[in-house]
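Comments concern the structure below.
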Protein chains: 2
Amino acid sequence: MNNALTHPAIITRLTTVKSPKPSNAPTLEDVARHAGLSPMTVSRALNNPQVVRPKTVEKVMQAVRATGYIPNALAGGLASRRSKLIAVVVPQINNNMFVDTIQALSDELALRGYHILLSVTGYSEQTEADLVATLLSRRPDGVVLTGIHHSAEMKKIIFNAAIPVVEIWDLTPTPLDMLVGFSHEKVGQATAEYLLQEGYRRPGLLWTPDRRADQRKHGLSETFKRQGISQLPQIDVPLPASLALGREGLTRLLADGEFDVIVCSSDTLAQGAIMEAQSRGLTVPQDIAVIGFGDLDFAASNRPAITTVSVDRRAIGQRAAMLLADRIEHIPHEDAIIDIGFHLVKRQSA
Amino acid sequence: MNNALTHPAIITRLTTVKSPKPSNAPTLEDVARHAGLSPMTVSRALNNPQVVRPKTVEKVMQAVRATGYIPNALAGGLASRRSKLIAVVVPQINNNMFVDTIQALSDELALRGYHILLSVTGYSEQTEADLVATLLSRRPDGVVLTGIHHSAEMKKIIFNAAIPVVEIWDLTPTPLDMLVGFSHEKVGQATAEYLLQEGYRRPGLLWTPDRRADQRKHGLSETFKRQGISQLPQIDVPLPASLALGREGLTRLLADGEFDVIVCSSDTLAQGAIMEAQSRGLTVPQDIAVIGFGDLDFAASNRPAITTVSVDRRAIGQRAAMLLADRIEHIPHEDAIIDIGFHLVKRQSA
DNA sequence: TTGTACGCGTTATCAT
DNA sequence: ATGATAACGCGTACAA
């Protein structure tokens with residue numbers, strides 16, 4: 001699609017389109033004429049009413065209603081160098097984990113007059129670089145990136161653009177700029193500690209290949225190793241996780257050995273593993289325990305209820321939105337790095 | 001929030017922001033200077049390379065790389081009156097039904113150089129009108145709306161904007177403009193016919209309050225009524241549907257009477273109903289059958305697998321994208337109304 | 001095939 | 001408190 005010759009940000013038109021309509025949409029000038037004012041006063045009345053006489057504002061509002069005026073944000077953004085657009089890049093959206101964060105981000109930003117440009121990478125760093133380059137052509141006021149691993153190319157592009165960035169869903173002392181997330185390493189540790197404390201000694205992993213899941217696994221296996229339990233058997237399933245993959249994964253794990261607990265990289269897989277166990281006549285957690293990650297909405301009401309790690313997904317979006325908007329609007333902020341934390345929710349499955 | 005005085009499209013700045021940076025981002029002129037060409041030739045080389053001498057194009061590309069040029073779509077859109085932006089309005093995104101459609105829409109449009117502006121209404125028509133007005137300030141080249149019921153105010157706004165519109169997820173002979181969807185009425189009929197044919201005579205409804213679900217219910221109850229079965233008992237649960245609400249809903253239904261099949265307005269509720277039935281020692285479908293809607297990813301691998309109605313959610317997005325992009329680019333198209341259809345998937349739960 | 005002049009609709013800045 | 005003027009960065013239309 002992208003012209004092979006070009007910069008990733010440049011998309012060559014495939015068809016030559018001509019003839020822009022004369023556009024009869026009313027402009028600021030139409031409103032100004034209608035109100036007997038200058039365009040500049042109308043602009044102020046709309047964007048900065050406190051510096052305009054109330055009576056004038058009222059005149060403007062009437063003219064706006066009369067003309068059906070809708071501001072042109074392209075022109076406004078061009079002139080003011082502020083687009084009121086935030087570019088958001090996530091690996092997936094058919095993954096319930098990110099959707100809540102996006103929704104919260106969008107809600108919070110909408111309150112402050114921002115719109116979101118959403119793009120999906122499919123977990124590829126190269127795709128991310130291309131997407132970001134393309135998105136930057138919209139001149140967003142800020143960028144939200146998922147995770148802390150990015151291609152060098154993308155970092156360069158972002159750096160050159162000199163644009164506020166929030167990385168979400170992960171933690172590092174050295175973010176590109178701002179960050180809202182939590183430690184996946186610690187999630188893994190906490191999970192292992194809980195399982196050890198509950199007496200589990202033969203864990204099996206049902207895992208998906210993404211970097212944050214890998215970090216959780218690292219924390220998990222290091223903690224188990226310290227108790228003399230190493231070489232955790234593991235089955236990998238592709239993204240996106242699904243109930244079906246959970247069932248299939250457990251089947252494959254059980255063919256490999258014996259376990260007292262199955263640690264899943266997501267609640268979705270956990271639900272599938274539980275279902276598969278039950279269909280084999282195994283009782284969860286007595287015969288085999290299962291623990292998930294994410295505390296998705298079904299986790300609490302599953303049968304048995306799924307023990308998992310809860311993360312405030314909406315808070316990630318909210319805090320990220322506030323960090324960005326505040327930075328853009330030059331509102332000072334203490335922490336540019338926010339650890340949103342997590343907590344283990346003990347239910348029935350493990 | 002929106003200033004009470006204003007048009008919904010107008011969002012008053014809460015803080016006065018000043019000092020636009022001088023912006024050292026390279027412009028077309030910088031690239032032109034670097035390449036020893038006029039800005040216009042550079043513009044053509046990027047947007048319409050076929051009308052530029054290949055050697056010139058190459059010179060331009062080198063200059064683009066050298067300068068790190070990223071086009072300014074705000075300026076481009078303002079000048080060309082084409083923003084390459086599509087506004088998309090959906091009721092929910094934490095609802096798996098719409099996410100696949102959005103993803104497909106986004107993928108298809110990205111291929112053609114468009115970006116998506118996503119907004120969520122939360123099933124409110126007033127919210128939709130406000131959102132659309134705000135979105136139109138971005139001067140999108142097209143709009144995607146979910147459903148066919150809109151406030152008169154919004155229709156007026158859309159009409160005045162004279163912008164291509166695709167309505168999705170529903171069917172009507174009289175769309176605002178273009179349409180990609182299917183008949184919810186017929187889904188209801190097909191569901192009832194299937195259940196009657198399978199011998200079910202005492203259906204109970206587990207339902208959510210949205211207009212498309214209502215249409216399905218209408219088709220369903222009319223068909224049952226023709227067989228002498230009227231007054232279908234019904235329990236309503238709020239949106240968004242969840243496993244928990246499915247369980248709770250079945251509990252309440254069972255307190256109300258006896259049923260041989262529970263018809264759910266979504267697979268999510270169906271999964272919950274099945275789980276609740278099982279936890280009460282009922283066998284599905286022998287003691288009580290359950291049928292869903294949507295064919296979400298877990299439906300096929302649930303235990304028992306959920307009988308449901310499948311809709312090609314990605315196709316809705318793809319076709320909508322093609323309709324819109326073709327219209328925008330003046331590529332002729334036969335049908336402006338596409339019935340994407342559906343099919344009943346017989347599995348185990350009913 | 002390439003270049004020139006101008007306008008797209010708005011806001012920053014300075015003046016009144 | 002309001003207005004005049006000059007950008008903002010690019011594409012259209014026409015000229016060369």
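When reading the values below, keep in mind they use all heavy atoms of this one structure, side chains included, and skip hydrogens, waters and symmetry mates. Residue numbers begin at 1 in each chain, while the letters A, B, ... track the order of the sequences.
- The interatomic distance linking A/Leu74 (CG) with D/dG11 (P) rounds to 13 Å, in whole Å.
- Side chain of B/Ser43 to backbone of B/Pro39: no donor-acceptor contact under 3.5 angstrom is found.
- Residues forming a side-chain contact (heavy atoms from CB on, under 4.5 Å) with B/Gln103 (at least two apart in sequence, or on another chain): A/Ile93, A/Val120, B/Asp107, B/Arg314.
- In this structure, B/Leu78 and B/Leu37 both approach DNA chain C, and ranking their closest nucleotides by distance from the 5' end singles out B/Leu37.
- In the helix from C/dT1-D/dA16 to C/dT16-D/dA1, the rotation axis of the first five pairs and that of the last five pairs differ in direction by 30°, rounded to 10 degrees.
- In terms of the side-chain contact (heavy atoms from CB on, under 4.5 Å) criterion, residue partners of A/Ala66 (sequence neighbours excluded) are, by chain and number, A/His34.
- Pairs of residues two or more places apart, or lying in two chains, that qualify as salt bridge (Lys or Arg N to Asp or Glu O under 4.0 Å) and include a residue from residues 33-53 of chain A are A/Glu29-A/Arg33, A/Asp30-A/Arg33.
- Listed pair A/Arg82 / C/dA12 meets the phosphate criterion, a side-chain N or O lying under 4.0 Å from OP1 or OP2.
- When the side-chain contact (heavy atoms from CB on, under 4.5 Å) test is applied to B/Arg138, the partners found at least two apart in sequence or on another chain are A/Ala73, A/Lys84, A/Leu85, A/His115, B/Leu85, B/Leu117, B/Pro140.
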Side-chain donor-acceptor contacts of residues 174-181 of chain B below 3.5 Å, not counting sequence neighbours, with atom names and distances?
unit_1, atom_1, unit_2, atom_2, d
B/Thr174, OG1, B/Thr172, OG1, 3.2
B/Asp177, OD1, B/Arg327, NH1, 3.4
B/Asp177, OD1, B/Arg327, NH2, 3.0
B/Asp177, OD2, B/Val165, N, 3.0
B/Asp177, OD2, B/Arg327, NH1, 3.1

Quick test: give all pairs of protein nitrogen or oxygen and nucleotides 14-16 of chain C nitrogen or oxygen below 3.5 Å, distance rounded to 0.1 Å.
none

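- Residues meeting the side chain to side chain donor-acceptor pair (under 3.5 Å) test with B/Glu108, sequence neighbours left out: none.
- Among pairs with a residue in residues 143-152 of chain B, those fulfilling side chain to side chain donor-acceptor pair (under 3.5 Å) read B/Glu128-B/His150, B/His149-B/Arg211, B/His150-B/Glu167, at least two apart in sequence or across chains.
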